[in-house]
Number of protein chains: 2
Amino acid sequence: MIKLIEKSFEIGEYLKNKGVRPSEQRIRIFEYLYINKNHPTVDMIYRELVQKMPCLSKTTVYNTLNIFLKNNVVRQLAIEENEARYDAVIELHGHFKCEKCENIYDFDIEKTNNEYEDLKKYEINEKYILFKGICPSCLKSSK
Amino acid sequence: MIKLIEKSFEIGEYLKNKGVRPSEQRIRIFEYLYINKNHPTVDMIYRELVQKMPCLSKTTVYNTLNIFLKNNVVRQLAIEENEARYDAVIELHGHFKCEKCENIYDFDIEKTNNEYEDLKKYEINEKYILFKGICPSCLKSSK
DNA sequence: GTATCTGCAAAACATTTGCAATTCT
DNA sequence: AGAATTGCAAATGTTTTGCAGATAC
């Protein structure tokens, strides 16, 4: 409990620094993203949080995430084509989606821009890297 | 005109080889993707083709692209989070979206799987690489 | 007290599904 | 004839918008 309050307070500061006013809902939504790191959909966030905040609206989740996006608090991912997913880790990294267990793993990518010959003359601002395949634990269990 | 008929014939063969029966609509949709190489949305394809085929239905465009997907005739891209885009180039390559002119450029990526230390033990089946930034011609005109 | 934030209801899109008519073999 | 294809209309699902009440500064 105290942990949660402490965390809320830190998150509040973080959001303020990003230019977002830290309301209860916004703190909870960021907290969910920050603790779970599961690249959730709007629906996943809503279904979890509405249990503790019964009158939370899905509209608020949408509104909040759009504000977070605009203020660079979260990144929007296109992992599934139909539903947007969100990530509180805004540093450059790649995503790996296991086609079996559906888990999404993060992985490091280099920060050099010169690895791609074709892009020598391009200014690269954002990189979205998504691989699909089979993760080690699913590889093991399928043998 | 002759060119188009010839092209239709080639596309027909290509689709047959992929296990897709080459109807008029399917040929036209593939032809659009193949000629334009513009990673279009369903709506872009529909709006263009309905001019020549007035009773074309958007449902048919959806159906056709889903069949193409299943038979590995096209790749689905998640360049914008809200709308699916399609690409008749199924070979591995990356996409660069210019944030100014909105054009999407293709670029080559290496086929080695060992470039990412974190993924040594993962089986990688598909790679989706999307960069955003400014393309050379927009860089030039902004100076 | 004025701005902002929240949440309901409705609207706006993208996509899929059910089904009847048509087309191909 | 039988199977696949097309396209309309309706349904589904995600996201946005309008607006009234509540909250924060």
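Order of the sequence lines fixes the chain letters, A, B, ..., with proteins taken first and strands second; residue numbering starts at 1 for each chain. Since the model is a prediction, treat every value here as computed from it, not as a measurement.
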Pairwise side-chain contact, A/Ile124 with B/Phe96, heavy-atom cut-off 4.5 Å (strictly under): yes
Min side-chain heavy-atom separation A/Arg26-A/Phe68 under 4.5 Å: yes
Does A/Tyr86 reach the side chain of A/Val42, with side-chain heavy atoms less than 4.5 Å apart? yes
More than 12 foreign heavy atoms under 6.0 Å from NZ of B/Lys37: is that the case here? yes
Can you tell me if the side-chain N/O atoms of A/Gln25 get under 4.0 Å from OP1 or OP2 in C/dG7? yes
Flag side-chain contact, heavy atom, 4.5 Å: A/Tyr105 against B/Tyr122: yes
Close side-chain approach of A/His39 to A/Asp106, heavy-atom, < 4.5 Å: yes
I want to check one thing: is the phosphate of C/dC5, taken as OP1 and OP2, less than 4.0 Å away from some side-chain N or O of A/Arg26? yes
Kindly give the atom pairs (protein nitrogen or oxygen, nucleotide nitrogen or oxygen) under 3.5 Å for nucleotides 16-21 of chain C.
unit_1	atom_1	unit_2	atom_2	d
C/dT16	OP2	B/Asn66	ND2	3.2

Does C/dA3 count as syn, meaning its glycosidic angle lies within 90° of 0, or as anti? syn
Using whole Å, what does the distance between atom P of nucleotide C/dA14 and atom OH of B/Tyr46 come to? 13 Å
Partner of C/dA3 by Watson-Crick or G-U wobble geometry, both contacts under 3.5 Å, or none? none
Bounded by its outermost nucleotides with an atom under 4.0 Å from a heavy atom of chain B, the footprint on DNA chain D reads D/dA4 to D/dA9
Using OP1 and OP2 only, check whether a side-chain N or O of A/Ser23 sits under 4.0 Å from C/dC5. no
Partner of B/Leu77 under side chain to side chain contact (heavy atoms under 4.5 Å, CB included), picked from B/Asp87, B/Leu130, B/Ile104, is B/Asp87
So what does B/Asn82 touch, heavy atoms closer than 4.0 Å: a base, only the sugar-phosphate, or nothing? sugar-phosphate
Rounded to the Å, how far apart are A/Met53 CE and C/dC5 P? 15 Å
Give a yes or no on whether the backbone of B/Pro22 and the side-chain of B/Lys16 come within a donor-acceptor separation of less than 3.5 Å. no
Hey, can you tell me if B/Phe131 and A/Tyr116 have their rings parallel, tilted or perpendicular (30° and 60° cut-offs)? perpendicular
NZ of A/Lys70 versus P of C/dT4: gap in Å, rounded? 11 Å
